[in-house]
Structures are given as structure tokens and as C-alpha cells.
There are 2 protein chains.
Amino acid sequence: MRPEPSKAFDPGEWEPERAGEALRAHGCRVTQPRVAVLRALLEHGGTIDALGLTALAQRYEPGIHEATVYRTVNVLSEVGIASHVHAGHGPSLVRLAGDEQLVAVCRDCGAIAPIPEESVAQLVESVEARTGFLLEPGHFALEGVCGECSP
Amino acid sequence: MRPEPSKAFDPGEWEPERAGEALRAHGCRVTQPRVAVLRALLEHGGTIDALGLTALAQRYEPGIHEATVYRTVNVLSEVGIASHVHAGHGPSLVRLAGDEQLVAVCRDCGAIAPIPEESVAQLVESVEARTGFLLEPGHFALEGVCGECSP
DNA sequence: TCTGTAATTGCGAGCCGGTCGCAACTAGCG
DNA sequence: CGCTAGTTGCGACCGGCTCGCAATTACAGA
């Protein structure tokens, strides 16, 4: 799910150990559920919704509760390890910091496609030049219909 | 989308009578609740959420139910009279067709800026060519920081 | 290593925007 | 004017997410 080898995110970036330090540095405890969520994010390596993330995290922490995943994601965001993306419709998405990228979500099937870096740069630049707005492409998603869902 | 991007939207465009024709042309009935919602949209003249729209519509059709407003908005969208926008968290917004444009919302002050038509076209084209995704600008909003909120 | 204690978790209830099924109502054709 | 299928009102329901609370647990300090 991660087609950009050039600017590729290095998963080692947030190996549990380093992430643990980041957490402690913010006065947060390093708990098993949190590590499980982190590992799930590392394993998945891309953008994922809370439900999927919970499912993945179950592998490392079988009893982990959905609410805990939500809380953990918030903590990870505050600490700068992860960030959440609000997709127009449907659930919001999570990904590791450093893997931030503008994505498009299919309104019919929910498929997620990364937007080519070049198109993003073009947009950001052009919008800033003309409106003064500095877009934050990592924090929102575009909506549309994917190739498979459109006739 | 409509041919006149430079000019402001003319509310007269969707006077109940013309809207009625559009509805009938799609095999839909012109009912009092629908007219009430339409008048509320005309009266308000901008983007509004379903709750606010319901409140406004009550003036013309006192007993109108929230579910009816949602359904009506969907119908109006299908017929091309209105469209809905997803902006970040919170409820989605409705506006009259013709008032459509991709907008950016400032994450700090909530300011809304229209994105230049040209930048949008560029983005849509480039994304479609490279990912097969057909974006639907006007149905979602971009997020960023406006000129005044960023130093 | 053991202990105290405050952060964290699991759990279920709850909130909120939005949708659905169904019986009653009504637009509008004939 | 009567028929009938599209609509409405209503309440139950759904999915995403948050909250309150008792039980659990990380980890600083003894």
C-alpha cells in the first residue's frame, strides 16, 4: 500500500523503543495496549481506520478495546507519533507521522488512494499564491469515485 | 458545474417554480416540505447544516421533520438543485447548486476561502490521470491555515 | 524487590449525525 | 373526483466516537 519508494517512510523511525521515549517524554505511560497499537501501525504501514487498526492491534493485545484504540490514537497524535486524517464521509483515518500524505477516499467503496506528490505540491503552491491559504495536506482527505466504482 | 465561474450565484436561479420543473423532470413530486426546504435554502443563501436548515424550513412548513429535510436534501442533490459538502468534523453542509466551489477552511479561525477554479481543474485532471480517481470538488473542503492566522 | 498511587484500561451507556421501515398522507394523472 | 405510487412523520436504529467508573497496571520511590 505504499508506492512511493523515494520519499518512503522509514518504519524504524518509530520502533517501539523510540516511541516509548516519546511517550515518556510527555509524561505518558508505555502500556501494552499502546505498544500493540503502535506495532499495528508499523505493521500496516499506511493509512487505516480505527476499526481496522483495532483488528490489527488484537494480534498483539487480544483483548484490546475499541475505545482504548481511539484514546491511544489521540495520545499518539498529541505526542507526534501519529496523525489522524479526517475523510469527508465515513470514519477518520490514522497513520504514522512521517507517512503523511494527501489521500483520496472513494465515496462508494471507501478505497484509499495516495495523491501523487507532484499534484499536491502544485495545488498547495497555487492555492497559497492566490489565496494566502497554507494548506495542510496531511490532515484532510479528498473525496471522489475510484476507477473501479465509476462506470 | 455551471458555466459562469466569475459571477456570483443568482438566487433567482432556483426560484420555486424552476426548481419544481427540475423535480418533475426527474419524476419527483413537488411537495410542500420540499418547497419549504428550497425556500429556506434561498432565504439563507449560503452553506448551512441540516439542523439549521430544518429550523429555517419550519417557518414555511411548521411540522417538517428532520428526516424529511435529510431526504429532501438528497433529492435536491440528485436533481442538481443543491449539493452537500463535508467539512472536517461535525455535520455536513448544504448549499444551492451554482454556489459550488472547492473551499479551504482555516483550522484556526474557520475562515472559508474559495479555491481558484484553475487550481481545482489542475488537481482533478492530474489526479484522474495518475490514480483513476475522479474527484468531486465541491463535495469536500480543504483544510489549512489562512493568511491571517499564519505568521 | 516491594509498595503506593495515579495513569490507563475495559466495559457499557450515551451522544450525535444520519438512515430506515412502516403506516398515513397526498400530488397529480386519468 | 378517485386512484395509486411517491412522500412524509415518526420512532427505532446504526456507525463512529466519547464518557464515567471500577478494576488494573506502570513505574517512582522506599
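Proteins come first, then strands; the chains are lettered A, B, ... in the order of their sequence lines, and each starts at number 1.
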A.B. asks: Using whole Å, what does the distance between atom P of nucleotide C/dT9 and atom CD of A/Gln58 come to?
C.D. replies: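 From A/Gln58 CD to C/dT9 P: 14 Å.
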A.B. asks: Does any part of the side chain of A/Ile112, heavy atoms only, come nearer than 4.5 Å to the side chain of A/Cys146, both counted from C-beta?
C.D. replies: no
A.B. asks: Atom CZ of A/Arg34 to atom C1' of D/dT25: distance rounded to whole Å?
C.D. replies: 12 Å
A.B. asks: Between A/Glu78 (CD) and C/dA7 (P), how many Å, whole number?
C.D. replies: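 That distance rounds to 14 Å.
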A.B. asks: Do any side-chain atoms of residues 49-60 of chain A form donor-acceptor pairs under 3.5 angstrom with protein atoms, and if so which ones, sequence neighbours left out?
C.D. replies:
residue	atom	partner	partner atom	Å
A/Asp49	OD1	A/Leu51	N	3.1
A/Asp49	OD1	A/Gly52	N	2.8
A/Thr54	OG1	A/Ala50	O	2.7
A/Arg59	NH1	A/Glu43	OE2	2.6
A/Tyr60	OH	A/Glu43	OE1	2.9

A.B. asks: List, by chain and then residue number, the residues other than A/Val120 in its hydrophobic cluster (Ile/Leu/Val/Met/Phe/Trp/Tyr, side-chain heavy atoms under 4.5 Å); write none if there are no others.
C.D. replies: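 Besides A/Val120, the hydrophobic cluster comprises A/Leu102, A/Ile115, A/Leu123, A/Val124, A/Val127, A/Phe133, A/Leu135, A/Phe140, A/Leu142, B/Leu102, B/Ile115, B/Val120, B/Leu123, B/Val124, B/Val127, B/Phe133, B/Leu135, B/Phe140, B/Leu142, listed by chain and residue number.
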A.B. asks: Among the candidates D/dT18, C/dA27, D/dT7, find the nucleotide nearest to the side-chain atoms of A/Asn74.
C.D. replies: D/dT18
A.B. asks: Tell whether B/Arg24 reaches the base of D/dG6 with its side chain through a donor-acceptor pair below 3.5 angstrom.
C.D. replies: no
A.B. asks: Using a heavy-atom distance cut-off of less than 4.0 Å, which residues of residues 59-69 of chain A contact DNA chain D?
C.D. replies: A/Ala67
A.B. asks: Return whichever of B/His86 or B/Cys28 has its heavy-atom-nearest nucleotide of DNA chain C closer to the 5' end.
C.D. replies: B/His86
A.B. asks: Answer with yes or no whether B/Arg29 presents, from its side chain, a donor or acceptor under 3.5 Å of a partner atom in the base of D/dG6.
C.D. replies: yes
A.B. asks: With a cut-off of 6.0 Å (strictly less than), are more than 12 heavy atoms of other residues, nucleotides or ligands near NE2 of A/His84?
C.D. replies: no
A.B. asks: For the pair made of CG in A/Leu51 and P in D/dG15, what is the distance, rounded to whole Å?
C.D. replies: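 Going from A/Leu51 (CG) to D/dG15 (P), I get 10 Å.
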A.B. asks: Just N and O in the side chain of A/Thr31: are any of them under 4.0 Å from OP1 or OP2 of C/dT9?
C.D. replies: yes
A.B. asks: With hydrophobic residues grouped by side-chain heavy-atom distances under 4.5 Å, do B/Val94 and B/Leu23 end up in a single group?
C.D. replies: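 Yes, B/Val94 and B/Leu23 fall within the same hydrophobic cluster.
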A.B. asks: When only distance counts, do a donor and an acceptor, one from the side chain of B/Arg71 and one from the base of C/dG18, lie under 3.5 Å apart?
C.D. replies: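 Between C/dG18 and B/Arg71, which were checked side chain against base, a qualifying N/O pair under 3.5 Å is absent.
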A.B. asks: Using a distance-only test with no angle check, is there a side-chain donor-acceptor pair under 3.5 angstrom linking A/Ser126 and B/Gln122?
C.D. replies: no
A.B. asks: Reckon A/Tyr70 has a side-chain N or O less than 4.0 Å from the OP1 or OP2 of D/dT18?
C.D. replies: no
A.B. asks: So does B/Glu118 pair up with A/Arg130, basic N to acidic O under 4.0 Å?
C.D. replies: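 Salt bridge: yes.
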